[in-house]
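No experiment lies behind these values; they were computed from the predicted model shown.
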Number of protein chains: 2
Amino acid sequence: MAESVSTERFLQIGEAAERASLTQRTLRYYEEKGLLSPPTRMDGGFRLYSPEDMERIDRIRQLKELLGFSLAEIKEMMEAEDIRLQIKAGWRKDADADEKADKVRLGREATLQQLALIDQKMEKMASLRAELAERVRKYDELLLRFAELPESEAATSQS
Amino acid sequence: MAESVSTERFLQIGEAAERASLTQRTLRYYEEKGLLSPPTRMDGGFRLYSPEDMERIDRIRQLKELLGFSLAEIKEMMEAEDIRLQIKAGWRKDADADEKADKVRLGREATLQQLALIDQKMEKMASLRAELAERVRKYDELLLRFAELPESEAATSQS
DNA sequence: AACAACGTTAACGCGCACGTCAATGTTTGT
DNA sequence: ACAAACATTGACGTGCGCGTTAACGTTGTT
């Protein structure tokens, strides 16, 4: 009844996949590609995903779907996540304060990098958005002119 | 010296590709897939891209790189662009005012759809951004505590 | 002990979005 | 008239991100 890995909150691949809205194949694939560190296993060899694993999986999904990064790119970017999860998991007792501070600084830097990327992308999106909004304005303008001159030739427009 | 298609502002595939930061293969591929309507040709068969074609190509690039849509999705979305370019190119004289207004309405609707998609994506990005910013805040907090307690065990943090 | 439900690895397959020849034709400068 | 630069249409190749199938082992329930 009691497993070695404190069964609470650990999911095996079926539920993990479902909760993450991914397939089992995808989770195994991410592991193959080194995006996910090999999860703990049950005695029989079944994968057990920790809550931290689940967080990480979610982050991967966001980076991929939202920002459209390739798995290779994401692997690079996950440096920040790695450090954060290490910190959350509690410090190694063999590390002294200076070492810890260095890690935190690294995590901070990597996160700032990601923020910069996001800001860049949001800027471009905002400008695309503005362009489209302006376009709608022009459509509305045209429609108004149709409404005003019901039966005449409503100006063959240019710009 | 003078070509049939008023050579001004028309680019052949080499320059077109370079200006769009795409390859010639990609332009031909987009044409194959119906994302680009067959451009005009020189007498020898060389493709000539109009400024409108170039606009369209740029829009495709934006939708793909910025928003991460597949070419199939983009093809659907380009309905709006098609209508807009038809309008810019001047109305067909065989269409009456009602028909024109309908077209404009269609273009408007399609553009609004795209706006909605962008807004959706921007919202999600903003929330990811907030999450990362908060994370940086926590890093800074941690670093402050390291600075305050120079040599003691600086709290094995939890959340 | 049996059986369904769930998991494992390994291997092949597939659609997308092009890359990369190869063989050939066109345009342009001299 | 000829070469160098540029283009054309196939056709096959490629990397990514998984899907799918096969053969087999584990877990939980009855």
(request) Sequence neighbours left out, what passes salt bridge (charged side-chain N to carboxylate O under 4.0 Å, His left out) with A/Asp82? Give chain and number order. (result) A/Arg56
(request) Could you run through nucleotides 2-7 of chain D and give me one letter per nucleotide, 5' to 3': B if any protein heavy atom sits under 4.0 Å from the base, S if only the sugar-phosphate is that close, - if neither? (result) ----BS
(message) Quick test of your reading of the model: are A/Glu65 and B/Lys124 salt-bridged, counting only N-O distances below 4.0 Å?
(response) no
(message) Would B/Lys103 and A/Phe146 count as a cation-pi pair here, with the cationic atom under 6.0 angstrom from the ring centre and within 45° of the axis?
(response) no
Short N/O separations, protein against nucleotides 13-17 of chain C, under 3.5 angstrom:
unit_1 : atom_1 : unit_2  : atom_2 : d
C/dA17 : OP1    : B/Leu71 : N      : 2.9

(message) What is the separation between atom CE on B/Met42 and atom C1' on C/dT27, rounded to the nearest whole Å?
(response) 6 Å
(request) Starting from C1' on C/dG19, measure out to CD on B/Glu32 and report it in whole angstrom. (result) 13 Å
(message) Under the rule for salt bridge (charged side-chain N to carboxylate O under 4.0 Å, His left out), what residues qualify as partners of B/Arg84, not counting sequence neighbours?
(response) B/Glu55, B/Glu81
(message) Run the side-chain hydrogen bond (donor to acceptor under 3.5 Å, both in side chains) test against B/Glu141 and tell me which residues pass, sequence neighbours left out.
(response) B/Arg137
(message) Going by the rule side-chain contact (heavy atoms from CB on, under 4.5 Å), which residues pair with A/Gln24 if we only count those two or more places apart in sequence or in a different chain?
(response) A/Ile13, A/Ala17, A/Arg28
Which side-chain N or O atoms in residues 104-114 of chain A pair as donor and acceptor under 3.5 Å with protein atoms at least two apart or in another chain?
unit_1   : atom_1 : unit_2   : atom_2 : d
A/Arg105 : NH2    : A/Asp102 : OD1    : 3.2
A/Arg108 : NH1    : B/Asp140 : OD1    : 2.6
A/Arg108 : NH1    : B/Asp140 : OD2    : 3.1
A/Thr111 : OG1    : A/Gly107 : O      : 2.7
A/Gln114 : NE2    : A/Met77  : O      : 3.0

(request) Mind checking salt bridge (charged side-chain N to carboxylate O under 4.0 Å, His left out) for A/Glu32 and listing every partner two or more places apart, or none if nothing turns up? (result) A/Arg25
(message) If the cut-off is 4.0 Å, is B/Thr26 near the phosphate of C/dG19, judged by side-chain N/O to OP1 or OP2?
(response) yes
(message) Under the rule for side-chain contact (heavy atoms from CB on, under 4.5 Å), what residues qualify as partners of B/Phe46, not counting sequence neighbours?
(response) B/Gln12, B/Met42
(request) Output yes when at least one side-chain N/O atom of B/Thr23 is less than 4.0 Å from OP1 or OP2 of C/dC18, else no. (result) no
(request) Let me know the distance between CG of A/Leu11 and C1' of C/dC6, rounded to the nearest Å. (result) 14 Å
(request) Find the distance A/Asp43:CG to C/dG7:P and express it as a whole number of Å. (result) 16 Å
(message) Going by the rule side-chain hydrogen bond (donor to acceptor under 3.5 Å, both in side chains), which residues pair with B/Glu79 if we only count those two or more places apart in sequence or in a different chain?
(response) none
(message) So for the helix from C/dA1-D/dT30 to C/dT30-D/dA1, with five pairs setting each end axis, what is the inter-axis angle to 10°?
(response) 10°
(message) Expressed as a whole number of angstroms, how long is the span from A/Arg41:CZ to C/dG7:P?
(response) 12 Å
(message) Restricting to side-chain hydrogen bond (donor to acceptor under 3.5 Å, both in side chains), what partner residues turn up for B/Ser21, sequence neighbours left out?
(response) none
(request) Rounded off to whole Å, could you give me the CD-to-C1' distance for the A/Glu31 and C/dG7 pair? (result) 13 Å
